[in-house]
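As structure tokens, the structure follows; a few thoughts come after it.
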Amino acid sequence: MKLLEDRIRKDGVVKEGHILKVDGFLNHQMDVELFDQMGKEFKRLFADAPINKILTIEASGIGIACVVAQSFHVPVVFAKKAKSLNIDGEVYASKVESFTHKRVYDIIVSKKYLNPGDHVLVIDDFLANGCAVMGLIDLINASGATLEGVGIAVEKGFQQGGKMIRDKGIHLESLAIVDDMDDATGEIFFREQ
Ligand code: 5GP
């Protein structure tokens, strides 16, 4: 999506360790007009899927997911990061290894909000090694709901998540795919889509 690529080029900051900071419009301050355009693009890309729910993960996925959900006219559920896991039979739970924080945490969703009749689109801000998305897919599978696809704002194409998810036959759409970036020059290279 050219609009998003242009914005990343303009306001994205390449950090050491292959981290792209997009705090000015996506991860801290949020440009909801841009999110609205992204929502419309996801709606176009997943037009054939009978999506009735969006699933994301706190915290940085929530803002985008809410605006995307307006294009689909469906509710958003966000998986919570559980500090101490208190599995009381009322939640679906999975484990996620954080790429940015380098630790493993539990994610949970109440059984009330994911059901076998649901057709779910997973939305997140970044796709790196795919741990966050795979954790969300675990929750969907545990609930008996149907995964309709995964929509990502920024995929880091030089990490394994995108390939892993596509290899499973999952419909994955990333609005911008960064194939390389240089923290010395700040240059960002996008995959042609
Ligand atoms: P994964 O689980 O795919 O390895 O990483 C995805 C999660 O890590 C995203 O939810 C995102 O919050 C965070 N993340 C991974 N790489 C980056 C990055 O380069 N920049 C930012 N801002 N977040 C990232």
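Read the numbers this way: they start at 1 and go in the same order the structure lists the ligands and their atoms. What you see below is based on every heavy atom in this structure, not just the backbone, and it leaves out hydrogens, waters and symmetry mates.
Nearest heavy-atom pair across Lys15 and Lys21 is CG-CG, 3.4 Å. The shortest heavy-atom contact between Ala79 and Leu136 is CB-CD2, 3.6 Å. The nearest pair of heavy atoms linking Ile108 to Ala93 is CG2-CB, 3.9 Å. Listed here is the closest heavy atom pair of His119 and Pro50: CB-O, 3.0 Å. Contact record, Phe190 with Val178: CE2-CG2, 3.8 Å, taken as the closest heavy-atom pair. Counting all heavy atoms, side chain and backbone alike, His171 lies closest to Leu45 at CE1-O, 3.5 Å.
Below 4.0 Å from some heavy atom of Cys131 lie the following atoms of ligand 1, by number and element: 1 (P), 2 (O), 3 (O). Under a 4.0 Å criterion applied to the non-hydrogen atoms of Ser60, ligand 1 contributes the atoms 12 (O).
By the 3.5 Å distance cut-off applied to N or O atoms, Asp124 is counted among the residues near ligand 1. Of the N or O atoms in Ala132, one or more lie within a sub-3.5 Å distance of an N or O in ligand 1. Residue Val22 places no N or O, backbone or side chain, under 3.5 Å from any N or O of ligand 1.
In this structure, Lys156 counts as a contact residue of ligand 1, since one of its heavy atoms falls inside 4.0 Å of the ligand. Residue contact annotation: Gly130 has a non-hydrogen atom under 4.0 Å from ligand 1. Between Asn27 and ligand 1 there is a heavy-atom distance shorter than 4.0 Å.
Nearest protein neighbour of atom 4 (O) of ligand 1, counting heavy atoms only, is Asn129 N, 2.8 Å. Here the heavy atom of the protein found nearest to atom 5 (O) of ligand 1 is Ala128 CB, 3.6 Å. Looking from atom 15 (C) of ligand 1 to the surrounding protein, the closest heavy atom is Phe99 CD2, 3.4 Å. Scanning the protein heavy atoms around atom 6 (C) of ligand 1, the nearest turns out to be Phe126 O, 3.6 Å.
Under the salt bridge (Lys or Arg N to Asp or Glu O under 4.0 Å) criterion, Arg103 pairs with no residue, sequence neighbours left out.
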Exercise. Let me see the working for Asp182 and Val14 under side chain to side chain contact (heavy atoms under 4.5 Å, CB included), right down to the final yes or no.
Key: CA-CA 7 Å; Asp182 186 331; Val14 182; 6.0 Å; no
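Nearest-heavy-atom check against atom 9 (C) of ligand 1 across Leu20, Ile19, Leu26, Asp125 picks out Asp125.
A salt bridge between Glu5 and Lys2 is absent, with no side-chain N of the basic residue lying under 4.0 Å from a carboxylate O of the acidic one.
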